[in-house]
Enquirer: 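Structure provided below as structure tokens; questions to follow.
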Amino acid sequence: MSKVTNNKIINVVFMGTPEFAIPGLKALIANSRYNVKAVYTKVDKPRGRGKKLSASPVKILAQEHNIPVYQPNSLKTEIHNIAKINPDLIVVIAYGKILPREILELPRYACINVHGSLLPLYRGSACLNAPIINGDKKTGISIMKINESMDTGPILKQFEIELNSNSNLEYVHNTLSKLSGQVLIPTLNDWIDGKLEIMYQDNDKASYVKMLKKEDGKIDWQKKAITIDRLIRGLNPWPGTFTHINNKLIKIITAQVAPNSINKNHKVGEVFLESGHLTVKCGQGNLFILKLQIEGGKIMSSSDFISGHSDIIGQILK
RNA sequence: CGCGGGAUAGAGCAGUUGGCAGCUCGCCAGGCCCAUAACCUGGAGGUCGUCGGUUCGAGUCCGACUCCCGCAA
């Protein structure tokens with residue numbers, strides 16, 4: 001064990017795909033102790049209208065810095081290539097693929113993952129959404145050593161942020177993403193310099209969140225207003241929450257639980273006006289709809305919507 | 001060439017078989033009331049996305065283009 005800080009350049013392979021991984025990759029690129037030798041990201045997929053091929057944010061950033069980009073379908077065929085790169089460290093942020101054991105064993109400072117929840121809570125891919133949907137008071141990021149199963153490895157460090165009744169997915173995503181960019185380098189430094197004690201996860205307290213499907217955003221008006229509001233905050237802007245009126249799709253962008261004082265005789269899912277707000281009766285309580293989006297239209301405030309659709313008052317959403 | 005919807009007043013929308021450009025909200029001026037996200041009267045605000053075609057006449061029919069959006073990924 002040496003007390004002298006190791007100033008040797010750390011060769012890094014970075015693996016990541018979406019916007020969430022960008023601050024972390026930027027931090028690595030900007031720091032002179034780390035040398036990003038290669039970037040792994042998911043293959044370009046047809047996205048958007050017209051099904052045009054589009055590159056991941058991580059790929060675009062890597063190319064801007066002339067870092068070699070690899071996009072294999074499976075990492076199993078890449079073991080040889082990564083061994084050739086001979087990284088001291090592999091950093092994984094939202095890559096979207098499982099790393100085979102042989103790769104885990106390659107770098108001497110291991111494979112380190114930044115996960116968007118306070119593990120052992122919310123292992124899995126919907127880790128950003130789950131705390132909001134469940135109404136948690138806090139969430140955060142866990143920087144951990146990857147082992148063979150999903151998000152179960154020992155934790156190097158955790159960083160918390162607070163949530164309140166207005167926190168939405170966009171806030172959690174942006175805040176945690178930015179936070180990961182700030183804390184990644186100090187944590188890696190401590191790890192490499194042997195200053196960290198790793199903490200094993202308590203499997204009894206663990207939970208797993210499945211990958212979100214579009215259908216998860218369908219609003220069930222039978223549920224409590226507060227539950228629906230959490231769902232809306234936890235799923236927007238992506239994958240979004242929606243309902244139907246007259247067989248037309250309406251996305252609910254933002255809402256707010258209405259005061260308890262309203263207690264009129266409406267059916268569940270019925271739309272009515274209350275103090276100028278577009279309001280929906282829920283299984284318990286009422287929900288003010290603040291912003292929505294109709295098929296083919298842009299996001300608009302509910303008051304704008306009412307201007308041209310006053311006939312929806314009294315209709316039932318389903 | 002993945003499927004589909006749309007562009008009309010500041011905002012949201014309607015506009016039938018081509019025939020004077022409309023509605024709700026907002027805005028401006030005035031009025032009313034103890035009072036209101038209330039009501040009354042008056043007013044401003046449009047090259048109907050762009051270009052071309054058909055027609056005596058096009059928001060409306062035909063063609064091309066630009067932009068926006070839902071599905072799907």
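No hydrogens, no waters, no symmetry mates; every other heavy atom, side chains included, goes into these values. Quick note on labels: first sequence line is chain A, next is B, and so on, each numbered from 1.
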Enquirer: Can you tell me the base-pairing partner of B:A14? Count Watson-Crick or G-U wobble geometry only, both distances below 3.5 Å, and say none if there is no partner.
Expert: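 Check on B:A14: unpaired, no WC or wobble geometry under 3.5 Å.
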Enquirer: If I take atom CG in residue A:Asp311 and atom P in nucleotide B:C23, what distance separates them, rounded to the nearest angstrom?
Expert: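 Taking atom P of B:C23 as the reference, CG of A:Asp311 is at 18 Å.
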Enquirer: What is the base-pairing partner of B:C39, counting Watson-Crick and G-U wobble geometry with both distances under 3.5 Å?
Expert: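 When the pairing criteria are applied, B:G31 turns out to be the nucleotide that pairs with B:C39.
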Enquirer: Taking the P atom in each of B:G19 and B:C48, what is the distance between them to the nearest angstrom?
Expert: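 Looking at atom P only, B:G19 and B:C48 are 15 Å apart.
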Enquirer: For every nucleotide of nucleotides 65-73 of chain B, 5' to 3': is a protein heavy atom under 4.0 Å from its base (B), only from its sugar-phosphate (S), or from neither (-)?
Expert: ---SBBBBB
Enquirer: Verify the neighbour count for atom NZ of A:Lys157: are there more than 12 heavy atoms of other residues, nucleotides or ligands below 6.0 Å?
Expert: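 Yes, because the 6.0 Å sphere around NZ of A:Lys157 holds more than 12 heavy atoms from other groups.
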Enquirer: Between B:A29 and B:C34, how many Å separate the two P atoms, rounded to a whole number?
Expert: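 Result for the P pair: 23 Å, nearest Å.
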Enquirer: Show your reasoning for whether salt bridge (charged side-chain N to carboxylate O under 4.0 Å, His left out) applies to A:Glu160 and A:Lys138.
Expert: CA-CA 7 Å; A:Glu160 294 183 0; A:Lys138 62 178 184 182; 3.1 Å; yes
Enquirer: Using whole Å, report how far CG of A:Leu273 lies from C1' of B:C25.
Expert: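 Taking CG of A:Leu273 and C1' of B:C25, I get 12 Å after rounding.
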Enquirer: Does the plane of the ring in A:His277 sit parallel, tilted or perpendicular to the ring in A:Phe288? Use 30° and 60° as the thresholds.
Expert: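 Answer is parallel, since the angle falls under 30°.
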Enquirer: Measuring only the P atom in each nucleotide, how far is B:U41 from B:U24? A whole number of Å is fine.
Expert: 12 Å
Enquirer: Is the count of non-hydrogen atoms from other residues, nucleotides or ligands lying under 6.0 Å from A:Glu64 atom CD greater than 12?
Expert: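 Above 12, so yes.
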Enquirer: How close or far is atom P of B:G12 from atom CD1 of A:Ile253, stated in whole angstroms?
Expert: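 My rounded result for the distance is 15 Å.
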Enquirer: Could you give the CE-to-P distance, from A:Met300 to B:C25, as a whole number of Å?
Expert: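 Going from CE in A:Met300 over to P in B:C25 covers 17 Å.
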Enquirer: Let me know the distance between CG of A:Leu278 and P of B:A37, rounded to the nearest Å.
Expert: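 To the nearest whole Å, that distance equals 18 Å.
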Enquirer: With C1' as the reference atom in both, quote the distance from B:G22 to B:G30 in angstrom, rounded to an integer.
Expert: 25 Å
Enquirer: Classify A:His309 by what it touches in the nucleic acid, base, sugar-phosphate, or nothing, heavy-atom distance under 4.0 Å.
Expert: sugar-phosphate
Enquirer: With side chains defined as the heavy atoms from C-beta onward, is the minimum distance between A:Leu188 and A:Leu89 less than 4.5 Å?
Expert: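 Yes, at least one pair of side-chain atoms sits under 4.5 Å.
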Enquirer: Taking atom C1' in both B:U60 and B:U8, compute the distance separating them and give it to the nearest angstrom.
Expert: 12 Å
Enquirer: Write down the distance separating the P atoms in B:C13 and B:C69, rounded off to the nearest Å.
Expert: 14 Å
Enquirer: When the P atoms of B:G59 and B:G53 are considered, how many whole Å apart are they?
Expert: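 About 15 Å, rounded to a whole number of Å.
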Enquirer: Using the P atoms only, state how far B:A21 lies from B:A9, rounded to an integer number of Å.
Expert: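 The same atom, P, in both gives a distance of 15 Å.
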Enquirer: Can you tell me the pairing partner of B:A64 across any strand shown, Watson-Crick or G-U wobble, with both distances under 3.5 angstrom?
Expert: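 The answer is B:U50, by the H-bond criterion.
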Enquirer: Taking side-chain contact (heavy atoms from CB on, under 4.5 Å) as the criterion, tell me which of A:Ile252, A:Ile219, A:Leu169, A:Ile133 meets it with A:Leu235.
Expert: A:Ile133
Enquirer: Determine which nucleotide pairs with B:G2, using a 3.5 Å limit on both distances of a Watson-Crick or G-U wobble pair.
Expert: B:C71
Enquirer: Hey, are A:Glu295 and A:Lys248 close enough for a salt bridge, meaning a charged N less than 4.0 Å from a carboxylate O?
Expert: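 Looking at A:Lys248 together with A:Glu295, the answer is no, because their closest N to O distance does not fall below 4.0 Å.
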Enquirer: In terms of ring plane angle, is the pair A:Phe305 and A:His309 parallel, tilted or perpendicular, where the classes change at 30° and 60°?
Expert: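 Geometry flag for A:His309 against A:Phe305: parallel rings.
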